[in-house]
Every structure is written in structure tokens, then in C-alpha cells.
Amino acid sequence: MDPEIERKWQKRWEEARIFEPDIDPERPKFLITVPWPYSNGSLHVGHGRTYSLADVVARYRRIMGFNVLFPMGFHQSGTPILAYSERLRRGDKEAIRQYTDYLREYENDSEIEHYLNQFNEPENIAQYFSDRIVKDFRGLGYSIDWSRRFTSAEPFYQDVVKWQFRRLHDLGLIKQGRYPILYSIEDQNAVGEDDIKDGDTDKVSVEEFTAVIFRGPEFGMVASSLRPETIFGITNLWINPDEEYHIIDYMGERLAVSSGSVQKLILQNPEIKDLGIVEKDRILYHEFTVPITGKKVPVFPSKFVDPENGTGVVYSVPGHSVWDYVALKDLGAGIEPIKIIDFPEGKELTVVDLVKQKNIMSLSDTESIRDATAILYREEFYSGIMGNGNSDFSGMSVQEARESIKKRLLQESAFILYETSRKAETRGGSKVVVAVLQDQWFIDYSVPWLKKKSHAVVNEMLFEPSHYRDGMHDIIDWLRERPCARRRGIGTKLPFDERWTIESLSDSTIYPIVYTCARQLREIHKNLGNNLPEDIIEHIFTGEPLKNSYSDEVMGLISEAARSKEYWYGVDVRMTTSPHITNHLAFYIMNHAALFTERDWPKGIVISGLVISEGAKISKSKGNAISLLKIANSYSSDLYRLFSAINSETTSVLDWNETDINLVRKKYDTFVSMVESFKDPGVTRMGNVERWFVVSFYNHAKDFISRMDKYDIRGACISVFYEVLNDLKHVEARGGNIMVALREVIRDWLVLMSPVIPHTCEELWEKMGNHGFVSAERYISPGSGMDQSPIHRENYIEKLISDIREISRATGIKPSEIRINVAPREIFETTSILMNEGPSKVPDRHKYLIPDFMKNKKNISIEIVDELDLITSEREYLENLFSCRIEIRSEVSRSGRANPWPGRPSIELVR
RNA sequence: GCUGAGGUUGCCGAGCCAGGUUAAAGGCGACAGACUCAAGAUCUGUUUCCGAAGGGAUCCGCCGGUUCAAAUCCGGCCCUCAGCACCA
């Protein structure tokens with residue numbers, strides 16, 4: 001549809017406020033939400049899909065008689081907006097280019113400079129793009145109630161978030177503790193994925209090492225390992241001969257570590273003190289004691305030890321580490337590997353074998369050593385068993401032993417050390433290490449009562465696709481403490497510790513409830529001098545009595561808000577994409593479980609698939625990130641909506657590409673021209689085909705409804721769009737009258753199509769002389785009692801035609817005459833007996849028919865009573881189709897090639 | 001590796017959960033015909049193989065099992081994709 005026409009309808013909808021629903025106790029409500037978009041840029045073709053599908057659902061529910069609320073707000077918390085604003089202020093070329101691109105969508109070139117300057121303030125970025133997204137969404141015809149719009153940065157909403165966190169705190173779900181983060185020593189700041197060089201393509205994660213203390217007479221040594229279970233195989237310790245070593249004070253104990261690790265250790269354990277350099281000859285070749293076993297082992301030098309990694313001290317397990325084995329061989333120390341891990345029957349793998357197999361000669365074969373190490377670690381971890389002589393741990397699997405040995409060591413001879421999963425540096429080039437925050441705030445999702453309640457929520461919910469229900473149970477079991485506050489970023493201050501800002505996923509878990517009463521909450525906030533007291537929030541959300549007294553005006557707003565919340569909440573369906581499942585949706589469910597009673601719990605989640613463009617992942621650099629504004633203008637929003645709905649299943653990948661778009665466009669054009677050319681044919685009566693069309697249409701409509709109710713949006717749209725179009729073609733091909741056929745269904749067809757292509761349907765609806773909005777119409781189903789015989793009759797004719805064709809093909813006969821013999825009355829009666837009462841009841845004179853009946857059973861049917869009339873009425877059509885005379889009879893024949901049966905007349909082609 | 005999803009006829013993609021009505025929807029492509037000066041668009045038919053009568057054979061990643069009957073249920077194997085966390 002012409003973008004101008006689409007804008008016309010958008011404007012009319014807006015003026016008539018038909019998508020801003022009020023409480024209506026007479027109608028069932030339906031609240032549908034999609035996570036709010038993060039407003040740091042304009043949205044593209046990929047983002048629009050979920051919103052489009054949600055809008056199709058919202059509009060569908062509306063025509064089915066629900067009071068539908070589809071609200072939307074904007075997310076502005078977190079670091080990205082801040083980071084971009086900083087980058088723009090710094091004059092970062094890449095950021096400027098990106099934002100110039102965004103701005104070109106909306107502004108003249110002369111304005112761009114002005115806006116870029118404004119974007120030095122993060123709030124301006126957020127405000128600007130929220131406004132554009134509203135416009136873009138309006139331009140796509142979404143039936144969103146914008147009157148309830150708010151953002152995560154709005155003061156009244158932040159009061160809600162604060163209330164939420166106090167409640168969680170009261171419930172004992174907020175904790176404080178140690179937490180490892182990626183950190184730049186040089187910048188003295190936490191670093192995120194965006195700050196790390198290649199952080200997006202090659203992710204850096206935090207690994208947890210066990211730093212084991214080996215005590216000696218003067219001081220101890222600390223060596224960290226991912227494999228604490230191997231301490232039974234230790235033969236020696238390694239240090240790097242080229243590195244300085246320091247003594248540190250750790251809880252009153254003197255320990256030696258590499259100079260390169262001291263700072264990191266202090267960042268992880270602030271109580272550690274650097275006591276300065278220790279001469280290496282006080283370490284090398286001295287002996288230290290292995291914990292648990294009490295064995296004394298010497299320290300050897302080796303250059304393979306990385307002084308930056310761990311503590312710069314390595315304990316040597318030649319029996320189970322390729323590096324250690326090869327290093328010892330290089331050194332020629334004559335130390336034999338000790339084997340402490342066995343495999344089950346039939347499996348054997350040793351370091352010595354691997355070294356031979358990979359042909360490793362010395363420490364310089366780093367590639368081969370890494371390969372061998374990976375194989376060895378994997379095999380030992382998954383199938384290894386602790387061998388004899390490992391004291392309490394013999395017979396344990398390596399996995400179990402690792403945990404329990406670690407536990408034992410941590411009691412007095414070890415501490416946790418964190419290390420990055422790879423060497424990493426920031427974009428600025430400074431080194432990234434792991435620091436440990438001592439006072440990180442968490443939401444504790446591991447509490448048993450909360451898990452139990454959350455499982456209960458999940459059990460009652462609709463999930464589409466349904467297998468995500470099991471997935472969600474697993475995620476709930478797997479969630480532990482989650483850091484819920486950060487030291488930087490936009491957001492709400494933690495109410496009980498204002499140094500912290502609530503982390504951006506944690507501030508957006510229960511916000512859909514705010515949609516139900518955003519206007520009133522904002523009003524109250526304003527009225528009370530920019531303050532939204534907690535007892536008011538609590539009262540509206542949970543029904544707890546108010547603790548304070550307020551003016552009549554405020555009391556009025558409070559009760560209005562409470563009524564609205566009562567009517568609209570919980571969310572009937574939340575639609576989003578799969579990346580949200582393990583985080584946002586899980587928090588959404590668990591926070592609701594924690595804070596609300598059953599009636600306010602989420603009721604359904606529908607996951608929509610991702611979008612690719614021209615077969616490739618959407619990205620700015622590929623140039624395939626088409627903005628939603630451009631979509632609406634150059635393709636038309638109805639085409640985009642139809643394409644999103646029909647070209648792929650709700651849950652699978654959608655490929656936005658020109659070829660497929662054009663195919664959909666063609667069908668769409670056919671639809672429009674068919675409806676546009678409709679003229680009421682007056683009193684013309686319906687024939688067989690038209691009757692068939694009408695019944696078939698309502699069958700499709702029924703299918704549409706049952707599929708929409710299951711969120712099979714694609715299947716539903718195929719039914720009511722492609723299938724109906726095909727049916728119309730069939731009417732045409734069978735010589736039926738399209739206008740007559742359409743007359744019966746056209747009104748309902750427009751109503752049913754309006755959720756998908758609302759602008760088109762409004763325009764056609766008006767052109768047909770209807771008043772009001774088709775979007776506000778209600779579809780009334782004709783009920784299930786519709787007579788299906790026109791369908792059976794049409795199938796009968798189709799089968800007859802295809803049989804004639806098949807015979808003609810098999811025999812090569814182009815008939816000059818076709819003789820059709822329909823089963824006569826007496827055969828019909830006998831067939832009825834055969835089908836209902838069994839062969840023994842058949843009259844004797846027809847017994848000879850039984851074998852033939854058995855043979856042709858699957859084609860025989862007594863659904864149509866007047867076959868002779870039916871074929872006769874289609875005679876002209878058949879004669880035209882086959883360009884020959886058709887003779888129709890109805891008689892018993894004992895001699896013909898085939899006996900006629902009800903539903904299966906005999907056919908004879910005459911040359 | 002773990003967790004989840006999936007491998008269907010030239011391609012995309014239904015169906016499998018509730019086994020038979022499935023040579024297996026629909027679309028695309030291909031081929032033939034109609035229309036046209038021609039192309040496109042549109043319409044009709046065909047599109048695993050065999051067939052001089054509406055029929056038959058083979059078929060749904062691989063191997064095996066259950067069953068009167070399996071694309072559909074069970075077991076094993078091979079392969080593909082997604083997620084694996086503090087990041088919005």
C-alpha cells in the first residue's frame with residue numbers, strides 16, 4: 001500500500017485513540033508485551049520482526065473480542081549509551097560515523113552536526129532515539145498504546161525500581177560478597193566486552209584457579225592450577241629463571257610469587273602485602289612441602305613458566321602434564337613421572353605415549369604440546385578415575401576428586417586465584433587482569449523457596465515453542481547469585497547503598513506492571529514533589545494497606561492505579577527472541593515469583609526467531625541493516641508485516657531478501673486487486689463452486705483461529721491468505737463467478753486479514769462503503785455446524801477429473817468420448833450395507849461384488865447421494881475441459897472393466 | 001565438553017507429540033501447454049521409477065528394534081545449528 005495511505009490510517013487511528021484501551025469489565029483483557037528496546041540507535045529490519053508479530057497477535061485478539069493492551073516503553077539504563085556518548089565527546093571516528101549514519105535516516109545533512117554535539121550528553125541520545133523509535137513504530141502501524149510510555153531513566157520509574165530492591169532485600173534475596181571482574185590496572189577501571197581488543201569476536205572469560213601453598217622453612221611458594229587433583233603426582237616446582245620473585249604477606253604467612261603477579265594478587269586479595277624481592281638462590285633447588293601428602297619437592301628453573309600467568313610458580317606433575325614432562329626431560333633431572341589417574345578397562349592414555357605420538361622433542365614444540373595437553377585434559381576429566389595411593393580419593397572420578405580436593409586444600413593450604421581465559425588488553429593497549437570486588441551486590445537466585453516458586457510459575461505458563469518450558473526449569477535450577485549493581489552506567493541508585501547503580505537487566509524485570517498505571521504513577525510522583533512513596537507502590541502492586549495519608553487527589557489517583565493494575569495485570573504473553581531466555585526472561589519469571597501472588601504471574605512466553613538479511617547475519621558493516629523507517633517508506637509497512645508473518649515460522653529464522661519479498665508482494669498485489677475490483681453481482685445465485693468456496697473459506701477461517709491461538713502465525717496467515725487466494729483461482733478455473741463467491745465472504749476476509757495488513761484492509765474496507773475502522777471490528781465465526789457437503793462434492797469432481805487424466809496418461813488415449821457410469825441406487829444400498837453391517841448381510845444377487853468392493857474400498861464413499869445429478873450439472877465444464885462428449889449413465893454392469901461404486905464411478909475412454 | 005534444537009523428495013519447508021487416510025501440504029525452481037510478434041506476467045498440467053485403465057514398486061541422515069503396519073515409537077551411531085552468563 002502507498003506509504004501516504006498508510007500514514008493516513010496511522011493518523012486516524014491515533015486521533016481516534018482506538019489503541020488506548022480503558023478498563024472494561026465486560027470484556028476479557030489481553031496484555032501483550034515485548035521487551036522495551038534499548039534506545040542508543042535506530043532499529044533495523046531485524047528488530048522489527050518481534051514487534052510486528054506481537055502486533056499481529058494484539059490485533060488478532062482485538063478482532064476476537066478481547067480488550068487488548070499492547071504498551072511500550074524504552075530502556076535507557078546501562079553502559080552503552082554512556083560509552084557512546086563518551087566516545088562521541090572524545091571524537092572517536094567510528095562512533096561519529098555510526099551516529100552520522102543513524103542521523104541521516106531522520107535529519108537533513110545540515111542538522112547532523114547539531115545533533116552530534118547534543119549527543120555529548122547521554123540523556124540526549126536516549127531521548128532522541130526513543131522519539132524516533134516511536135515514530136518508526138507508528139509508521140509500521142503497530143497498535144501500541146503510547147499513552148503509557150515511560151523509560152527506565154524516569155524518576156517515578158526509578159522509585160518503583162527502588163521499591164523493588166527494598167522488597168527483594170526484605171525477602172533476603174540481596175547479598176553482598178566477593179566477585180571477580182575483568183579490570184585494567186592502568187585505567188583503574190572495570191572493563192566490559194566493548195573495552196577489550198577483539199572482545200566481541202574472541203571472548204574473554206574469568207577462570208577460577210586453585211592457588212596451592214607449598215610451605216618451606218623460611219617462606220612458602222604459591223603455585224596455581226586448574227587441576228588440584230594432580231597434587232598427588234607432584235615431583236617438583238617450577239619458576240622462571242629470568243623473572244624477579246617477591247615475597248608477599250598473605251594472612252600473616254610469607255609466600256613467594258613472581259613479580260609480575262603481585263599487583264593482580266593484591267587486586268584479588270586486598271589484605272595481601274608486597275614485602276619485596278627475594279633472591280632466586282633462596283628458592284631454586286630448595287625443598288617445599290606438598291599439602292595433604294606432606295611430600296618434600298625441589299624447585300627447578302624452566303623458561304616455559306609464564307611469570308604473568310597465575311603466580312609465576314608452577315607445580316610439576318610430569319605424569320599428567322605434557323609441559324612438565326617435557327620440561328623435566330629437557331632439564332635431565334632424572335625424575336620419573338608418577339601416575340595417579342587411571343582409565344576404565346580398555347582405555348589407556350599416558351603423557352609418554354602422547355609425547356611419542358605427537359613427536360614432541362622439546363619445549364619449543366609449543367603447538368604439539370598444546371594439542372597433546374588439550375587431549376589429555378579432556379580425556380582425564382571425562383573418563384579418568386583416581387588411582388590407588390591417592391589416600392581418601394582413590395576410585396573417585398577426576399571430576400569429583402577435583403572438587404573435593406579443592407575443598408580440602410582451601411581449608412588451610414590454598415586460596416582462589418582468578419585468571420583471564422586468554423591474554424587480553426584494552427583497546428587502549430593496557431593489560432586486562434582479573435580483580436575481585438569485595439563488596440559486590442547480588443540478587444541471590446539460589447534460594448530454595450524462590451526456585452520452588454519459580455518452577456510453579458513456569459508450570460502454569462504457556463511456552464511457545466513448548467520445549468522452552470523444560471529449558472526454563474533448567475535455567476532456574478542453574479541460576480545462582482547474580483551481580484545486580486555496578487559502579488558505572490545509567491540507572492537507578494541502589495536504595496541501601498547509593499554508591500552503586502542497579503545493573504540494567506536487574507532494573508527491568510517487573511516493569512510491565514508499570515504499564516498498567518504509568519500515567520497515574522507519574523502524576524502522583526509529580527503531585528508529591530517528585531516522590532513516589534513506597535507505601536503507595538506497595539499498595540497498588542500488592543494490595544497492602546497504605547501507611548500514610550494523602551490528599552484526595554492523590555488518593556483518587558491511587559485507587560485508579562490500583563483498579564487498573566487489578567484489571568490488566570499479569571502479562572498474558574511476552575514475545576521476544578531467544579537470546580533473552582537465559583537472562584531477562586528467567587529474571588522476569590523469578591522476580592515475579594518473588595514479589596507477586598499467582599494472579600500477577602506471567603502467563604505466557606512466545607519466542608520469535610532471528611532475522612537475517614539476504615542470507616547473512618545483519619550487521620552495519622555488511623550494509624544489510626535496513627532501518628525500519630526505510631522499510632516503511634520503500635517497501636510499505638503492510639508488505640513488511642505480511643512478509644514477517646508469512647515467510648517463516650514464528651520461531652525460525654526469517655531471511656529478508658529481495659527475491660522472497662517480491663514473491664510475497666505479488667501475492668499481496670493479487671489480493672488488493674481482487675478485493676478492489678469487487679462489485680456486488682446482485683441477485684446472481686451460487687453454483688457448486690461458489691458454494692464450495694464459501695464453505696472452504698470458513699474452514700480456513702477456523703484453521704486461522706486455531707493456529708493463531710497457538711501462535712502459529714505463519715500457518716494461520718497461509719490459511720486465510722494464500723489458501724483463500726488459491727481457492728479463488730480455483731473458482732475462476734472451474735468457471736465459477738468470483739464476484740458471487742467473494743460477495744459471501746469479503747467482509748469477513750478483510751476483518752481476518754486486518755491483523756496482518758491493517759492499512760490495506762482499512763483502505764479497502766472504506767472503499768467498500770463500510771464505516772468505522774476494520775481494526776475495531778469483531779470477527780463472528782459462523783459456528784461449527786456448517787454443511788461440509790459442497791467440499792465433498794467438489795473433491796468428488798476433482799477426483800473424477802484426475803482419474804480421467806491418469807487413465808488417459810496410462811493408456812495414451814486422447815478420448816473422443818468419455819463414458820461415466822455412476823453406481824445406481826441398488827448398488828448404493830448394498831454399499832451402505834457393506835460399510836455399516838458387513839459382507840454377510842449383502843443380498844445374494846450382489847454377493848459377487850464383495851471381492852471388488854474390498855479391492856476398491858479406500859476410494860468408495862457414500863457421502864454424496866446424488867452423484868448422477870452432480871456430474872450432470874458439471875457436464876458442460878467437463879466436456880470443455882476434455883474437449884469431447886461426456887456420456888453419463890447409471891446402471892448395473894457385470895461385464896465392464898470396473899464396477900461403479902458410490903464415490904467411484906466407472907470411467908471408460910473411447911478412442 | 002555441557003544443554004537445547006534439528007537432519008524429509010532439485011531447493012526452501014510442513015508432517016512427526018496422539019503410528020495406517022503420506023509419493024508425503026505449501027512455495028520456489030525445472031519441463032510442457034494456453035495466451036503473446038516476442039519477452040514478462042497470468043493460467044493449466046507434469047516434476048522418484050514403472051504402467052495400454054484410475055494401479056504398482058521404492059522412498060523421509062545411517063544401523064538395528066517394536067508392530068499386522070513407522071517419516072512418525074524405542075535404542076545406537078554420524079552430521080548441522082544455537083546458548084553456556086553478568087552483556088544490553
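Only heavy atoms go into these numbers, but all of them, side chains included; no hydrogens, no water, no symmetry mates. Below, chain A is the first sequence line, B the second, and so on; all start at residue 1.
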Paired to B/U66 by Watson-Crick or G-U wobble criteria (both distances under 3.5 Å) is none

Base, sugar-phosphate alone, or nothing: which one does A/Ile718 contact when heavy atoms must sit under 4.0 Å apart? nothing

Is B/A30 paired to anything, Watson-Crick or G-U wobble with both distances less than 3.5 Å, and if yes, which nucleotide? B/U46

Who passes side chain to side chain donor-acceptor pair (under 3.5 Å) against A/Ser85, sequence neighbours left out? none

Determine the contact category for A/His75: base if any of its heavy atoms lies under 4.0 Å from a base atom, sugar-phosphate if only primed atoms, P, OP1 or OP2 are that close, otherwise nothing. sugar-phosphate

NA contact type, A/Ser77, heavy-atom cut-off 4.0 Å: base, sugar-phosphate, or nothing? sugar-phosphate

Could you tell me whether A/Pro905 contacts a base, only the sugar-phosphate backbone, or nothing, with contacts defined as non-hydrogen atoms closer than 4.0 Å? base

Decide yes or no on salt bridge (Lys or Arg N to Asp or Glu O under 4.0 Å) for A/Lys710 and A/Glu464, but give the supporting numbers first. CA-CA 8 Å; A/Lys710 287 185 285 191; A/Glu464 194 53 50; over 6 Å; no

Gap between atoms CD1 and P, on A/Ile804 and B/A52 respectively (whole Å): 20 Å

For A/Arg480, report the nucleic acid contact type (base, sugar-phosphate, nothing); a contact means any heavy atom under 4.0 Å. base

Report the distance from atom CD of A/Glu806 to atom P of B/C50, rounded to the nearest whole Å. 15 Å

When you compare B/G55 with B/U22, how far apart are their P atoms, in angstrom units rounded to a whole number? 13 Å

Could you check whether A/Leu479 gets within reach of a base, just the sugar-phosphate, or nothing at all, counting any heavy atom under 4.0 Å? base

